[in-house]
Number of protein chains: 2
Amino acid sequence: MTPPSSKLSARRKSRPSFAPLSAHEAELAEFFVRMAGILGVPRSVAEIYSLLYASPAAVDFDQIQGRLGMSKGSVSQGLKFLRDQGMVLSVKAPGSRRERWQPTPSLAASLVTLLRSQVLPALEQSSPSLDRIVQGAQGTQASPAVIERLTQLRRWNARALELFPLMLPPPRES
Amino acid sequence: MTPPSSKLSARRKSRPSFAPLSAHEAELAEFFVRMAGILGVPRSVAEIYSLLYASPAAVDFDQIQGRLGMSKGSVSQGLKFLRDQGMVLSVKAPGSRRERWQPTPSLAASLVTLLRSQVLPALEQSSPSLDRIVQGAQGTQASPAVIERLTQLRRWNARALELFPLMLPPPRES
DNA sequence: TTGATGTTTCAATATTTTTTGAACATACGC
DNA sequence: GCGTATGTTCAAAAAATATTGAAACATCAA
């Protein structure tokens, strides 16, 4: 049954087969996937994070791909996302050029960063719009009730913009 | 040019044409769409809410459809969503069976409800999973570091579950 | 340098989500 | 009660998003 197989010494390229997720690992992944879904983070990203989170040691690219059964492209993109959000860190093994990944120490901090990266741009883009809208409403034909609503909206927007930066220092430049 | 048109009295079915959104209305809609997007609420729903929000008086089904240029199905589903979240209210004109819609007074309260409806189910579903996972990890082969992580995760989950119900009373039954 | 290993890119494909619209229900004014 | 104005449902179409995989690229050990 074994293919014209390896000479005894020709161990080199053995495509190592990777263990599929254990039941508990899979269940944890589902947890992360659900939570990530709320913020629109794709399944593959949540799965990668979950795997690292449940692993006692840093995990390399091939293991991620193998154990999760996903494509190189997805692993690469997923890691990029997590890296950009500051949610994972890489360490390099000594004599190897391969990177090994692990979750950033504080999940809480990671989540704040993630949230900020989703919400802040929306708030910022909206500020000038809201100003224009409120002005437009005040200018001409608009019921006082509507003006009141819009004004409050703008107040909130401004408040949120002030508050957010306080939550944590912004992610460092690369 | 006018088609074999209406007898003078046959005014009945005049398909009233609806004004497209003003520039400011459109800009406000984009604001709501962006914000809604963060939580995965579809564009059509955000547009409907935005229209009501910027309207001095309650708006009926046909106006929503006409001014936003969307299908009946979308309007119906959108209103259902907003209704279920307690984000809009309807009032009925006296001698008409037509409903007219307006936003619920407190946008803040609406947002909390919306958030809860997204997050709570995920938290609840996850509770038993997390218990199992932590137990599994403690049982056998698991590094203390991983056990620590998982335990904290469960702690957070529990905390969030306690906290959420305090934020506002749950939506009333229909 | 060089070549093999390790990673990224991106166009094509698959999947999921949203929207449409016509058929179906409902209830209200007459 | 009837007929129609008013809404809802849901299968199918369209749009948005995620994933794949092969080719391009980068980097380091030799």
Side-chain angles (χ1 to χ4, degrees), chain A residues 10-16 18 29 32-34 36-49 51 58-84 88-101 118 174, chain B residues 10-16 18 29 32-34 36-49 51 58-84 88-101 118 174:
Chain A
R11 160 77 54 86
R12 306 198 306 113
K13 270 292 198 50
S14 73
R15 189 84 30 81
F18 298 100
F32 276 110
V33 167
R34 264 200 301 279
I38 293 171
L39 281 174
V41 172
R43 158 171 288 267
S44 63
V45 173
E47 285 180 349
I48 293 173
Y49 186 85
L51 176 61
V59 183
D60 71 32
F61 195 106
D62 285 358
Q63 295 198 95
I64 295 172
Q65 187 187 351
R67 298 203 64 202
L68 294 177
M70 65 176 59
S71 70
K72 276 178 163 217
S74 284
V75 175
S76 179
Q77 289 180 186
L79 285 175
K80 175 171 172 27
F81 178 95
L82 292 168
R83 210 190 302 134
D84 290 352
V88 300
L89 297 171
S90 74
V91 294
K92 269 205 177 102
S96 159
R97 113 171 64 140
R98 176 164 271 182
E99 299 199 271
R100 300 165 59 72
W101 299 91
Q118 304 254 302
S174 73
Chain B
R11 160 77 55 85
R12 304 199 305 113
K13 269 293 196 52
S14 73
R15 188 87 28 85
F18 298 101
F32 276 109
V33 166
R34 265 201 300 278
I38 293 171
L39 281 174
V41 173
R43 159 171 287 270
S44 63
V45 172
E47 286 180 347
I48 293 172
Y49 186 85
L51 176 61
V59 183
D60 72 33
F61 195 106
D62 285 357
Q63 294 197 93
I64 295 172
Q65 186 185 351
R67 298 204 63 203
L68 295 177
M70 64 176 61
S71 70
K72 272 180 142 208
S74 284
V75 175
S76 178
Q77 290 180 185
L79 284 174
K80 175 172 172 23
F81 177 94
L82 292 168
R83 211 190 302 134
D84 290 352
V88 300
L89 297 171
S90 74
V91 295
K92 271 203 176 102
S96 159
R97 108 167 72 141
R98 174 162 273 183
E99 300 199 270
R100 299 163 62 72
W101 298 92
Q118 305 254 303
S174 76

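Just so it is clear: chains get the letters A, B, ... in the order the sequence lines come, proteins before strands, and each one is counted from 1.
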> Closer to the 5' end of DNA chain D via nearest nucleotide, is it B:Arg97 or A:Val41?
Replying inline: B:Arg97
> B:Gly73 or A:Gly73: which one's nearest nucleotide on DNA chain C is closer to the 5' end?
Replying inline: A:Gly73
> Is the phosphate of C:dG6, meaning OP1 or OP2, less than 4.0 Å from a side-chain N or O of A:Arg100?
Replying inline: no
> Taking atom P of C:dT17 as reference, at what distance in whole Å does atom CG of B:Leu39 sit?
Replying inline: 16 Å
>> Please pick, from C:dT9, D:dT19, C:dT19, the nucleotide with the shortest atom-to-atom distance to any side-chain atom of A:Arg43.
In response: D:dT19
> What is the nucleic acid contact for A:Glu99, judged by heavy atoms within less than 4.0 Å: base, sugar-phosphate only, or nothing?
Replying inline: sugar-phosphate
>> Is there a side chain to side chain contact (heavy atoms under 4.5 Å, CB included) between A:Val75 and A:Met70? Walk through the geometry before answering.
In response: CA-CA 7 Å; A:Val75 175; A:Met70 65 176 59; 3.6 Å; yes
> Counting side-chain heavy atoms from C-beta on, which of D:dT20, C:dT19, C:dT9 comes nearest to A:Ser71?
Replying inline: D:dT20
>> So, does B:Ser44 get its side chain near the phosphate of C:dT18, meaning an N or O under 4.0 Å from OP1 or OP2?
In response: no
> Given C:dT20, is OP1 or OP2 found less than 4.0 Å from the side-chain N or O atoms of B:Ser74?
Replying inline: yes
> CG of A:Asp84 versus C1' of C:dT8: gap in Å, rounded?
Replying inline: 13 Å
> Within this structure, what is the CG-to-C1' distance between A:Leu79 and C:dG6, rounded to whole angstrom?
Replying inline: 12 Å
> Between C:dG6, C:dT8, D:dT8, which nucleotide has the shortest distance from any of its atoms to the side chain of B:Phe61?
Replying inline: D:dT8
>> In this structure, how many angstroms lie between the P atom of D:dA5 and the CD atom of B:Gln65, rounded?
In response: 15 Å
> To the nearest Å, how far apart are B:Phe81 CZ and C:dT19 P?
Replying inline: 12 Å
>> So A:Ser96, base contact, sugar-phosphate only, or nothing? Heavy-atom distance under 4.0 Å.
In response: nothing
>> Test your reading of the model: is there a side-chain donor-acceptor pair from B:Arg100 to the backbone of B:Ala58, 3.5 Å cut-off?
In response: yes
>> Output the rounded distance in Å from CE (A:Met70) to C1' (C:dA14).
In response: 15 Å
>> Using side-chain heavy atoms (C-beta onward) and a distance below 4.5 Å, is B:Phe61 in contact with B:Ser76?
In response: yes
> How long is the line joining CD of B:Glu47 and P of C:dT18, in whole Å?
Replying inline: 13 Å
>> Between the base of C:dT7 and the side chain of A:Lys72, is there a donor and acceptor pair under 3.5 angstrom?
In response: yes
>> Let's see if you can work this out: which of D:dT19, D:dT6, C:dT19 has an atom nearest to the side-chain heavy atoms of A:Gln77?
In response: D:dT19
> If you measure from CD on A:Gln63 to CZ on A:Arg98, what distance do you get to the nearest 0.5 Å?
Replying inline: 8.5 Å
> Side chains of A:Gln118 and A:Leu39: does their closest heavy-atom pair fall under 4.5 Å?
Replying inline: yes
>> What is the separation between atom CD1 on A:Ile48 and atom P on C:dT8, rounded to the nearest whole Å?
In response: 11 Å
